[in-house]
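To start, the structure under review is shown below, and the notes come after it.
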Amino acid sequence: MIESPPDFRGVFRTDLLARALYAEGAGIARCVPMGVAVPADADDVPALMRWSKREGVALIPRGSGSGMAAGAVGPGVIVDLSRLRKLGPVDVEGRLIRVGAGVTRGEVDAAARHDGLRFPVDPSSGAFCTIGGMVGANAAGARTLKFGATRPWVHGVRCVFDDGTDVWVRRHTPWPIGVPAVQRLAHAMSQIGAQRGHEIPPDALSHAGVRKESSGYAIADALRVGGHLVDLLVGSEGTLALFTEVELALIPVAGATATILAVFDALESATACAVEARIDGATACELLDRTFLDVAATDGPTGVPQHAEAVLLMEVEGVSTGATAHAMSQLAARATRHGAREVHTAVEADDEQRLWALRHAASPILSRLAPRLRSMQFIEDGCVPPDRFPDYVRGVRRALDHFDMPGVIFGHAGDAHAHVNPLVDVTRRGWRDRVSGILDRVCELTAVLGGTLAGEHGDGRLRAPLMDRVWGLEARAAFAHVKDAADPSGVLNPGCKIARDDDRPIGVLRHDPEAEPLPAGARAVLDEIERTRSWNRFRLEGLAD
């Protein structure tokens, strides 16, 4: 049993009930931590970090726990940063907002819109995911097609480094080289930069042609002209420093938006249209594959023809209704040229919401398939070069069919990025072997197509042991060098991003009927959170000390 860190003013719990409440997140993993720490405020985090390094106790930062890759679930002490909820004010002239790591994306966007601005990065989890979690994973979402992922929108990060040093790291300012960890990182990056083009091939630190990437460390971004330490920190998943506050860039709200729903008889036609959608200024382009449509149809008519192979949901925006309508007509015409059998358009908010409702139809249905079928997201974040996207989707289908497992495929087609929800029958003999077989085949497919296993959700503990499938030896050595420089004691989220020798991608699964059960009280709370998708609910709320 570990004791509460000295000088730590927040909540520190080691009882089983409290620990069990943090044993699961939205992903597939389950691991009961050794303790839970909830800092009282941002100033409370350095004391926890100093204790961690001194005692050799691992810290696992966590926001809402809505991440898919098990980066916020694991052994060690969970650091619940969701209570760091300082918000605003909005700097309208500078188009910036400073927020605590525990503020949700939805709250940031609402505050910005009050002043005619917005935060344009919008993952589907935006109502409950925290900004700290988004920065940690370099989260993206449907509108990455136009606005990119989180990284370029982060102006600054307040970091607590391994020795407890608390400092802001901001773009357009020098690296705080007086901080020992930053000094070590600067030296490591200098060494890696000197090796590029020689020991490290120029393209080894990124996946050529891939439009979204949250795997590994963004060394290439940090080393580019105009790159910064901020670029390296974003997407580091709590392995280089703990984030307590973030400064985000904002943009004006759109003058108008419009939505296009296009129905295709051929997957290749849909993906060819998706790849070109950005030519007409699309802000979003979502693919709903046949597998998705079949599941959605189990809840009633979808309005999509029964034998349609795919649907694209596309969005455009402009400074005025007229400009948006023009872009909408161009995009609709492009879909028709690519063979869409039906094209539906909407410019009014209610009509747009009705079209987008199809995109959100599957999740509630999937949750009702339990307990026999469980949606397990273990191949859910692949992203490939756009011209290989049809090959990826068909390859995933073949893998699912080979192992006789249904699944749902959807995602951000404009970026050639797919989410996959295999539906696992946990009552069927050999289901674990089928899960492993599918994972192996899809990893091989992704590597052959030149893609990444993590387009926007991070490596976590799920994909860290799989890095050698899609990253070369030089890249993996560079990633390890960065990690060692920032965290020589190995206490910052160990096993996340950089796997240890005995780590495996799939350990104890939260949906495994043979796994040791959690305490009934914790099980009830976690099931309610999953059912209501209230991931940002404070886990210790109402729990007696």
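Hydrogens, waters and symmetry mates play no part in the numbers below; they use all other heavy atoms, side chains included.
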*ring-ring contact (aromatic ring centres under 6.0 Å, His included) partners for His457, two or more places apart*: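 For His457, the residues satisfying ring-ring contact (aromatic ring centres under 6.0 Å, His included) (neighbours in sequence not counted) are His419.
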Considering only heavy atoms from C-beta outward, does the side chain of [X] approach that of [Y] to under 4.5 Å?
{"X": "Met405", "Y": "Trp431", "answer": "no"}
{"X": "Val347", "Y": "Thr345", "answer": "no"}
{"X": "Ile379", "Y": "Pro422", "answer": "yes"}
{"X": "Val154", "Y": "Thr150", "answer": "yes"}

Hey, is [X] close enough to [Y] for a salt bridge, meaning N to O under 4.0 Å?
{"X": "Glu474", "Y": "Arg196", "result": "no"}
{"X": "Glu268", "Y": "Arg394", "result": "yes"}
{"X": "Asp231", "Y": "Arg171", "result": "yes"}
{"X": "Asp391", "Y": "Arg388", "result": "yes"}
{"X": "Arg30", "Y": "Asp512", "result": "no"}
{"X": "Arg105", "Y": "Asp109", "result": "yes"}
{"X": "Glu286", "Y": "Arg359", "result": "yes"}

Under a 3.5 Å distance rule, please check whether [X] uses its side chain to pair with a backbone N or O of [Y] as donor and acceptor.
{"X": "Asp459", "Y": "Gly216", "answer": "yes"}
{"X": "Thr452", "Y": "Ala454", "answer": "yes"}
{"X": "Arg334", "Y": "Cys273", "answer": "no"}

When Arg461, Arg62, Glu237, Lys483 are each screened for side-chain hydrogen bond (donor to acceptor under 3.5 Å, both in side chains) with Asn493, the one that passes is Arg461
Item to check | Partner of His155 by side-chain hydrogen bond (donor to acceptor under 3.5 Å, both in side chains), out of Glu247, His172, Arg95 | outcome: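 For His155, the side-chain hydrogen bond (donor to acceptor under 3.5 Å, both in side chains) check succeeds only for Glu247.
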Q.
Looking at Arg533, I want to see if its CZ is surrounded by more than 12 non-hydrogen atoms of other residues, nucleotides or ligands under 6.0 Å.
A.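 No.
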*Taking the inter-plane angle between the rings of Trp153 and Phe147 on a 0 to 90° scale, is it parallel (under 30°), tilted (30 to 60°) or perpendicular (over 60°)?*
perpendicular
The single option from Leu267, Leu313, Val311 that satisfies side-chain contact (heavy atoms from CB on, under 4.5 Å) with Leu287 is Leu267
(request) List the steps and the verdict of salt bridge (charged side-chain N to carboxylate O under 4.0 Å, His left out) for Arg469 and Asp440. (result) CA-CA 9 Å; Arg469 305 295 294 269; Asp440 181 69; 3.2 Å; yes
Quick note, side-chain hydrogen bond (donor to acceptor under 3.5 Å, both in side chains) partners involving residues 120-131, not counting sequence neighbours, are Asp122-Arg143
Test side chain to side chain donor-acceptor pair (under 3.5 Å) applied to Arg211 and His417, step by step = CA-CA 8 Å; Arg211 291 179 174 174; His417 178 210; over 6 Å; no
About how many Å separate [atom2] of [Y] and [atom1] of [X], when rounded to the nearest 0.5 Å?
{"X": "Ile131", "Y": "Cys129", "atom1": "CD1", "atom2": "SG", "value": "6.5 Å"}
{"X": "Met189", "Y": "Leu232", "atom1": "CE", "atom2": "CG", "value": "5.0 Å"}
{"X": "Phe119", "Y": "Ile97", "atom1": "CZ", "atom2": "CD1", "value": "10.0 Å"}
{"X": "Asn138", "Y": "Glu456", "atom1": "CG", "atom2": "CD", "value": "9.5 Å"}

For residues 317-326, which side-chain N or O atoms pair as donor and acceptor with protein atoms under 3.5 Å away, sequence neighbours left out?
residue	atom	partner	partner atom	Å
Glu317	OE1	Arg118	NH1	3.1
Glu317	OE2	Arg118	NH2	2.6
Ser320	OG	Ala323	N	3.2
Thr324	OG1	Ala256	O	3.2
Thr324	OG1	Gly318	N	3.0
Thr324	OG1	Ser320	O	2.9

Testing the 3.5 Å rule here: is there a donor-acceptor pair between the side chains of [X] and [Y]?
{"X": "Ser534", "Y": "Thr532", "value": "yes"}
{"X": "Thr144", "Y": "Asp415", "value": "no"}
{"X": "Thr104", "Y": "Asn536", "value": "no"}

*Go through the steps for Thr259 and Glu315 under the test side chain to side chain donor-acceptor pair (under 3.5 Å), then give the verdict.*
CA-CA 4 Å; Thr259 298; Glu315 181 187 82; 4.7 Å; no
